[in-house]
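See below for the structure under consideration.
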2 protein chains.
Amino acid sequence: MTAETRAPRPMRADARRNYEKLVAVATESFLANGPEASLDEIAKRAGVGPGTLYRHFPNREALLDAVCVQWADSVAADAAPLLSAEDPTAALSEWLVRLVDHVGAFKGLASALLLSSERKHDTAWVLHHTSEELVERAKAAGGIRPDVTTSELMQLTSGITYACSNAKQSGKTVSAPERLIGLIMDGVRTR
Amino acid sequence: MTAETRAPRPMRADARRNYEKLVAVATESFLANGPEASLDEIAKRAGVGPGTLYRHFPNREALLDAVCVQWADSVAADAAPLLSAEDPTAALSEWLVRLVDHVGAFKGLASALLLSSERKHDTAWVLHHTSEELVERAKAAGGIRPDVTTSELMQLTSGITYACSNAKQSGKTVSAPERLIGLIMDGVRTR
DNA sequence: AACGATACGGAGACTGTCTCCGTTTAGCAA
DNA sequence: TTGCTAAACGGAGACAGTCTCCGTATCGTT
């Protein structure tokens, strides 16, 4: 389940080149100018016409999604070591903190997508899937309450990512992610 | 601290009339078309020129904020009875649930503003202020941990409002607000 | 080498944002 | 009342961004 394997039919060589260039340029652009960055401008900087951009990505959301999927893959990779940690509950907690940090570093671009648990947005799916494994392991070890679902945890976490990434941009101070995730974990831990 | 008392200097009668009409029309429009609704269109429907709209509200955010402030006042009024409830902790919990419901009913327009604890966005301030009173009462009664701040609670809650209002729009199912608020409260309650 | 399918690019129609400035109006003072 | 001034209005229009359409170019295959 990586970005590359998701294309249904093989693209023509030039099409694939343009696709990849567009995603690369878009990533820079969104990071620099936020999710409102001009699409025509992105096309120009990628050396293609607007028509090409809109054929690959019918709307801004689609492009944003493609950018996020690539990012999500890299974030998910970060979770791999945690899957075999000796304390699954601590690992879950650590993962959630990292997730918040990653989203913050990504300027909150992904936070809007984080909570949809359907496959609709692939970004969400990758991260949801990764979280699920960690949640299951923590449950199996009896560290967290069995009635808590991954979706619920993601919903709770999304607020923190949202708050923290917002705060970073507007220079406000909020409590540290560790602290907030800690509060959530206090609620879902078995006692 | 209501919407009316916030104007620094008295407005001319026609200016006030237009201001109010604009906020009223904008409320309808944002509710119907989301926060991207056309501002010129709002001006037209309010029977004023674009210039007038932009003099009162220099940008979309300002107008959105004015709409939200009015809404926030009404939401805060809803909390009044809870302030004198016999069980402050239950009252707090109930308030948070209502908050999530209100934000959902308001199409998530306010969710972006909920978490800024500075006065910058008046919407946030009204709601933060109201929450603060309930939090303090719950702390005084020993119902919740003294180390938890109002801001923290609001940050945790904002994710739920965000998730729930998003879900409402895209037809997804998420856990009930009561359930999610319950999880948070489990984390902050004294044991 | 030739041909069909696939993809490209950019002109341009369209929509929305926001400004500028000549005109109107409210409020006040004489 | 009348007249004056500051405040407010409105709408034309410059500008920026979105997205489509279609003639042209390129790929990959036979």
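Side chains included, hydrogens not; waters and symmetry mates left out as well; all remaining heavy atoms used. In what follows, chains are A, B, ... by sequence order, proteins preceding strands, each numbered from 1. None of the values given here were measured: they were computed from a predicted structure.
Between the NZ atom of B/Lys44 and the C1' atom of D/dA12 there is a distance of 13 Å, rounded to whole Å. Residue A/Arg45 contributes atom CZ, which lies 13 Å from atom P of D/dG17 at whole-angstrom precision. When rounded to the nearest whole Å, the span between NZ of A/Lys21 and P of C/dG9 equals 11 Å. Per the geometry, CZ belonging to B/Arg16 stands 15 Å off C1' belonging to D/dA7, to the nearest Å. Between the OH atom of B/Tyr19 and the P atom of D/dG10 there is a distance of 17 Å, rounded to whole Å.
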Given side-chain contact (heavy atoms from CB on, under 4.5 Å), test B/Val188 with B/Glu152 step by step and report yes or no.
CA-CA 10 Å; B/Val188 303; B/Glu152 285 167 354; over 6 Å; no
Determine, stepwise, if the pair A/His56 / A/Val48 fulfils side-chain contact (heavy atoms from CB on, under 4.5 Å).
CA-CA 11 Å; A/His56 283 298; A/Val48 305; over 6 Å; no
Test side-chain contact (heavy atoms from CB on, under 4.5 Å) on A/Met185 and A/Thr89; report intermediate values, then the result.
CA-CA 9 Å; A/Met185 291 300 292; A/Thr89 310; 3.8 Å; yes
Give the intermediate values and the outcome of side-chain contact (heavy atoms from CB on, under 4.5 Å) for residues B/Arg179 and A/Gln155.
CA-CA 11 Å; B/Arg179 162 74 175 158; A/Gln155 281 163 52; over 6 Å; no
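Remark: the backbone N or O of A/Val148 is paired with a side-chain donor or acceptor of A/Lys139 at under 3.5 angstrom. For A/Arg98 (side chain) and A/Ala79 (main-chain N/O), no donor-acceptor pair under 3.5 Å exists by modelled atom type. Side-chain atoms of B/Arg145 come within 3.5 Å of backbone N or O of B/Gly187 as a donor-acceptor pair. Remark: side-chain polar atoms of A/Thr190 are paired, donor with acceptor, to backbone N or O of A/Gly143 under 3.5 angstrom.
Phosphate proximity of C/dA7 to A/Asn18: absent, as no side-chain N or O sits under 4.0 Å from OP1 or OP2. Proximity of A/His56 to the phosphate of C/dA7: no side-chain N or O atom is located under 4.0 Å from OP1 or OP2. The side chain of B/Thr52 places no N or O atom within less than 4.0 Å of a non-bridging phosphate oxygen (OP1 or OP2) of D/dA8.
Each of A/Glu133, A/Glu136, A/Glu132 was scored for a side-chain hydrogen bond (donor to acceptor under 3.5 Å, both in side chains) with A/Thr150, with one residue passing: A/Glu132.
Residues from residues 24-34 of chain A with heavy atoms under 4.0 angstrom of DNA chain C: there are none.
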Within the 4.0 Å limit for protein heavy atoms, which parts of nucleotides 16-30 of chain C are touched? Write it as a string from 5' to 3', B for base, S for sugar-phosphate only, - for none.
-BBB-----BSS---
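Contact annotation: the side chain of B/Ile181 never approaches that of B/Trp95 to less than 4.5 Å [non-hydrogen atoms, C-beta and beyond].
Ring orientation note: the planes of B/Phe106 and B/Trp71 are close to parallel, at an angle under 30° on the 30°/60° scale.
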Under-3.5 Å N/O pairs linking protein and nucleotides 2-5 of chain D:
none

